[in-house]
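Just so it is clear: chains get the letters A, B, ... in the order the sequence lines come, proteins before strands, and each one is counted from 1.
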Amino acid sequence: MIKNNMYSEAKQTLSRLVAEGYLSAAEKGELSKTEIAEPAVEVPKDSRFGDLSSNFALSMAKPLRMAPRKIAEIIVSNMKRNALFSSYSVDGPGFINAFLGPEWYASVLETASAMSDRYGYDDIGKGQKVMVEFVSANPTGPMHLGNARGGVLGDSLSSVLERAGYRVSREFYVNDAGNQVDLYGKSVEARYIQQLKGEDSFPFPENGYHGDDIKERAAELIAEHGDEYLNMDAEKRQKLMREYGIKKNIELMRADLARYKVEYDTWFYESSLHENGEVKETVDILKKNGMLYEKDGALWFKGTLFGMEKDEVIVKSNGFYTYYAVDIAYHRNKFLKRGFDKVVDVFGADHHGHVIRFKAGMQALGIDPSKLDFVLYQLVDLQRNGESVRMSKRTGKVITLSNLLDEISVDAVRFFFNSRQNESHLEFDLDLAVKEDSDNPVYYVQYAHARICTMLKKLAEAGLFPSKAEETDIGLLSEQAEKALIKQIAMLPEEIRLAARDYEPFRLTRYLVELATAFHSFYTEVRIKDAEEKTARARLMLCDVTRSVLSNVLSMLKISAPEQM
RNA sequence: GCGCCCGUAGCUCAGCUGGAUAGAGCGUUGGACUCCGACUCCAAAGGCCGCAGAUUCGAAUUCUGUCGGGCGUACCA
């Protein structure tokens, strides 16, 4: 057990003290005896009501048939003192509130300082193997803005899960087989011939891909091979073009993602599932399990058995597998062939239909569907000149990832795409993003870090250094702004725990802003240089711990922590 | 039609398993640098939490209905 979650510890302690206070009062006959649940403890919104609060007395009003405030007063008078808390009080309708004491503040700073970059780690993952699959864009063209959000989200989520004690593998699933890929090959072929023999020489496939990138691929092929494919057998030519284009696109995607600091452990190819027979193997098992039946010449999956609205085709009447069949085989591979304990699929919300379908597939194979989780994020609403820009990959109207990075920094993109709840629509105002000024909170957070760095440096030149955590007299840090900053530092482990539990890495960008705010307030209200030396050094130590936490979380999110700006 | 997601301040969004006077940023208004970085801070104004019921001592939060927006509902992926 990694012990660095001081808030959690204080909450548990208070919960225990309240329960014991009740039992003691019940023993003495001051309150009637009854079964009790573990008292809930939370951090009140308004710090005037203390640092921690329990609504236990309110919830006991009914069973005890007594005014909640009265119950609270009796419990508090029976509660033992504890070193973590300086005092208890009863407020409002009957909340039991506790104020954190010097010992708690000291332990926060000592822990954060001693653990340094490891501060905030948790072990709720217990070393389980978890795969996070994200982006998985079709390799039929460049990635767009939606992929950027998915990329940042999946990557940040992976980092959060690592901090929470999981062994994480990042995976990109490459759809390099099937209809869309064939169509892509034909599109390149058409452009190739058109570029050599004129626009009207060859019909462009219906529903083909119109993006400029297709023309670029064709031009590359001409540059390298001239017209040598012109008289080739069409099927063979399409295969060549397809393979060339897909390979090239994957290289481009890999490079684009790398610019965003997204690196994968595995690029998993759909085609490999066909080649090694796993798709057939999976379908055979489904058949053997009695999950399939024949109708209209196709093979159907009994999805309705698992809560799906209707059954789905697994093998088409032309003998080809549907994507659904391949998806089931792929997820079977994740669990059974590679032994992941947990799999998280990060999808755009337009894929939400996959949730029940994939889970149904797992159930039909006898795999516990609760091991498969989904993170759905709403697509990005791109705004330009105050209007939504509609995008379509097939018509070639896209803002690509690399376009985006040409305009704004990686730091801003990573921060921005990770600053909204997954299922909220994310409005991306291009005009605002392009401005690249301090409207973006990433600069606010980075400024806090830079400010501390230069201050530490400047004061060190004047011979003033931070005191060591264990030598710091915490009593010297008693200003409101100082306590608020320490409390914010103490929140990190809890934020990481919740971000991992709920798959919400955006919590950490929000946390960074709150921490920076607490620091900036502290900086404005509390002087260091002019203070008495021991106090000054204690305050510097607090600054140094703040710097360390800022840099720690920024690096976890792969956002730079500049020492000066 | 059916299913999923979202409706909170002028705008963009928080609000944890129900709790105290619903918060933040931007914007607006007014203040704060002879000072360790003003890319900062402090304060004010601004809300029938889409609407209507229900449960509860207590609802932005749970349930039902309803209106508005997005998405899905192919032998496409």
Margin query: Generate the contact string for nucleotides 72-77 of chain B. Rules: B means base contact, S means sugar-phosphate contact only, - means no protein heavy atom under 4.0 Å.
Written below: SSSBSB
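For B:rC33, the glycosidic angle deviates from 0 by 90° or less, giving a syn base.
As judged by a 4.0 angstrom heavy-atom cut-off over every strand, A:A450 is placed among the base-contacting residues. Looking at heavy-atom distances under 4.0 Å, A:Q564 makes contact with a base.
Checked by distance alone, A:T524 brings no side-chain donor or acceptor within 3.5 Å of a matching partner on the base of B:rA32.
Judged by distance alone, the side chains of A:E532 and A:T535 do bring a donor and an acceptor atom under 3.5 Å apart.
Of the candidates B:rA20, B:rU56, B:rG19, the closest approach to any side-chain atom of A:D91 belongs to B:rA20.
Under the 4.5 Å side-chain criterion, counting only non-hydrogen atoms from C-beta, A:V355 is in contact with A:L376. By the 4.5 Å heavy-atom criterion applied to side chains, A:R163 and A:D122 are not counted as neighbours.
Using a 4.0 Å cut-off, some side-chain N or O of A:Y444 falls inside it from OP1 or OP2 of B:rC41. Listed pair A:S59 / B:rG19 fails the phosphate criterion, with no side-chain N or O lying under 4.0 Å from OP1 or OP2.
The stretch residues 497-511 of chain A comes close to RNA chain B through A:R501, A:R510, each having a heavy atom under 4.0 Å from the strand.
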